[in-house]
*Asks:* 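Pasting in a structure now, in structure tokens, and then I'll have a few things to ask.
In this chain, numbering begins with 1 at the start of the sequence shown.
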Amino acid sequence: MKTTNPMPIPVSTPSLSFENTEIAFKGQSMADLNRAFWLFKLVSSNTLVKIGTPITNLALKVGLPIEGIIRDTIFKHFCGGETIEDCEARIQTLTKRGVGTILDYSVEGEETEEVFDATCEEILKTVNRAKGDPSIPFSVFKPTGLGRFELFEKINAKEALTDTEEQEFQRIKNRIDRICSESLNANISLLIDAEHSWIQDTIDDIAREMMQKYNREKPVIYNTYQIYRHDKLASLKADFYYAKTTNFYLGAKLVRGAYMEIERKRAQEMGYPSPIHSTKKATDQDYNDAILFCLDNIDRIAIMAGTHNEESSLLLANEMDKRNIAHTNPHIFFAQLLGMSDNLSFNLSASGYNVAKYMPYGPIKAVMPYLFRRAQENTSVAGQTGRELSLIIEEKKRRKRASLS
Ligand SMILES: Cc1cc2nc3c(=O)[nH]c(=O)nc-3n(C[C@H](O)[C@H](O)[C@H](O)COP(=O)(O)OP(=O)(O)OC[C@H]3O[C@@H](n4cnc5c(N)ncnc54)[C@H](O)[C@@H]3O)c2cc1C
């Protein structure tokens with residue numbers, strides 16, 4: 001017999017609110033808040049970021065002494081430091097607040113075999129640092145840090161490879177396999193970042209192979225699904241059914257996607273249909289559907305919701321409660337980037353959910369492309385920057401009120 005539930009289903013976890021700025025900014029001094037305020041104010045200027053990006057690049061190239069300024073401002077805000085050792089203090093700060101760290105060696109640049117080998121060794125160091133330390137639950141790598149972009153692209157386009165290229169590709173796969181195998185041995189999980197659509201099939205094929213090999217007993221390797229692509233919810237489902245029938249766990253990092261403008265521009269210039277949803281609403285709808293699909297199958301899928309979107313984060317948190325899924329379920333993680341959306345990270349962790357933050361690190365010059373992406377992403381005052389600024393203003397007001405009472 002069908003019964004009606006006398007209690008209405010709660011629309012939000014009563015204790016969870018992303019508006020709580022006291023929790024979000026706990027431990028940050030007034031000087032820290034002021035620095036963050038001016039930083040977000042600066043990057044919110046579209047013109048300044050547009051002009052600033054090439055000028056900064058040029059200044060670094062010709063050796064003008066601007067590294068110090070970058071180090072004390074944007075680098076300090078968004079990065080843990082230049083080395084793993086530099087990151088230790090920030091790792092401890094996050095740990096004290098119940099938030100995990102994902103050490104992200106974010107160098108982008110030179111494409112030589114020596115650099116790819118050195119990057120592989122550095123990522124192995126992050127795996128080693130994470131071993132036995134629950135405050136670092138994941139490692140991560142970006143595939144083009146380990147191999148030539150053009151080679152990924154050529155394979156994606158199904159062009160024939162020369163013998164030398166075949167060997168080069170095998171070396172990329174060996175590097176990736178080594179990192180995956182070390183992650184399994186270290187008992188930590190490993191995220192494979194997603195990149196541009198014209199190399200992503202190559203990455204997806206490798207990621208699937210690695211999951212099939214290493215996710216037999218539990219989810220170790222996570223591929224990334226960029227849900228701003230209109231085909232990616234379907235890929236997620238197809239990968240899940242493949243994983244189920246061939247008996248491995250699917251690891252899925254769900255993101256909206258970081259390369260929208262580049263993707264659309266390339267599609268237009270080359271005359272093919274854009275792979276990106278035509279509206280933000282459609283991206284949001286698929287993102288939330290992806291969360292629900294994963295929750296429906298959470299015994300066989302492990303997810304990381306890599307997002308600063310409050311609605312999607314709240315949806316996931318609330319759905320877990322509705323479905324009686326423990327906040328500490330090891331198959332579910334929320335994740336944000338260092339220096340962004342602390343109101344999500346710290347309020348989620350205060351409510352007992354699994355949360356981690358990407359902590360980019362590396363030599364300043366080499367992490368500049370990452371920093372420019374963050375600056376560009378933050379230029380919209382209507383978007384994330386507006387939110388960061390209003391939260392800082394709110395917290396400053398709250399502290400003033402508290403000091404008066
Ligand atoms: C922990 C973590 C890991 C990440 N890893 C990756 C990664 O591996 N690869 C990667 O590409 N990105 C990655 N990102 C970045 C991510 O893809 C987004 O660019 C960023 O998080 C902003 O999206 P959002 O969900 O946080 O929030 P929102 O601010 O709600 O969404 C902004 C995003 O929506 C989409 N969007 C905006 N306008 C439109 C439009 N008109 N039509 C269609 N779609 C639109 C774009 O993807 C845009 O970035 C990661 C982010 C986090 C937090």
*Asks:* Around atom CD of Q170, are there more than 12 heavy atoms from other residues, nucleotides or ligands closer than 6.0 Å?
*Replies:* yes
*Asks:* Report the residue from F333, F138, F141 that forms a ring-ring contact (aromatic ring centres under 6.0 Å, His included) with Y222.
*Replies:* F138
*Asks:* I need the minimum non-hydrogen distance between E19 and R387, along with the two atoms involved.
*Replies:* OE2-NH2, 3.2 Å
*Asks:* From the options H277, Q200, E263, select the one residue that forms a side chain to side chain contact (heavy atoms under 4.5 Å, CB included) with R229.
*Replies:* Q200
*Asks:* Give a yes or no on whether the ring-centroid distance for F152 and H196 is below 6.0 angstrom.
*Replies:* no
*Asks:* Within the supplied structure, the quantity of interest is the number of heavy atoms (other residues, nucleotides, ligands) at a distance under 6.0 Å from K41 NZ; does it exceed 12?
*Replies:* no
*Asks:* At their closest point, which heavy atom of F149 faces which heavy atom of E111, and how far apart are they?
*Replies:* N-OE2, 3.1 Å
*Asks:* Step through the shown structure and confirm whether more than 12 heavy atoms of other residues, nucleotides or ligands are within 6.0 Å of CD on E311.
*Replies:* no
*Asks:* What's the shortest heavy-atom distance between L16 and N347, and which atoms?
*Replies:* CD1-O, 3.6 Å
*Asks:* Considering the options E122, E182, E88, which one meets the salt bridge (Lys or Arg N to Asp or Glu O under 4.0 Å) requirement together with R129?
*Replies:* E88
*Asks:* Looking just at side-chain N and O atoms, do T202 and D205 make a donor-acceptor pair shorter than 3.5 Å?
*Replies:* no
*Asks:* Got a second to check how far K244's NZ is from D239's CG, nearest 0.5 Å?
*Replies:* 14.5 Å
*Asks:* Please determine whether salt bridge (charged side-chain N to carboxylate O under 4.0 Å, His left out) holds for the pair E261 and K265, giving the CA-CA distance in whole Å, both sets of side-chain angles, and the decisive distance to 0.1 Å.
*Replies:* CA-CA 6 Å; E261 278 167 26; K265 189 162 173 261; over 6 Å; no
*Asks:* Tell me, yes or no, whether the heavy-atom count around E121 atom CD, taken from other residues, nucleotides or ligands under 6.0 Å, exceeds 12.
*Replies:* yes
*Asks:* Tell me whether the guanidinium CZ or amine NZ of R300 lies under 6.0 angstrom from the six-membered ring centre of Y249 and within 45° of its axis.
*Replies:* yes
*Asks:* Evaluate the criterion salt bridge (charged side-chain N to carboxylate O under 4.0 Å, His left out) for residue pair D342 and K357; output intermediate values, then yes/no.
*Replies:* CA-CA 9 Å; D342 283 352; K357 275 180 113 79; 2.8 Å; yes
*Asks:* Please answer whether the main-chain N or O of I84 pairs with a side-chain N or O of Y105 as donor and acceptor at a distance below 3.5 Å.
*Replies:* no
*Asks:* Apply the test side-chain hydrogen bond (donor to acceptor under 3.5 Å, both in side chains) to residues E394 and T21: give CA-CA distance (whole Å), side-chain angles for both, the deciding distance (0.1 Å), then the verdict.
*Replies:* CA-CA 7 Å; E394 189 45 47; T21 58; 5.4 Å; no
*Asks:* Cationic tip of K396 within the cone over F37's six-membered ring, i.e. under 6.0 Å and within 45° of the normal?
*Replies:* yes
*Asks:* Walk me through it: do K125 and E85 pass the test salt bridge (charged side-chain N to carboxylate O under 4.0 Å, His left out)?
*Replies:* CA-CA 11 Å; K125 276 192 202 165; E85 293 72 41; over 6 Å; no
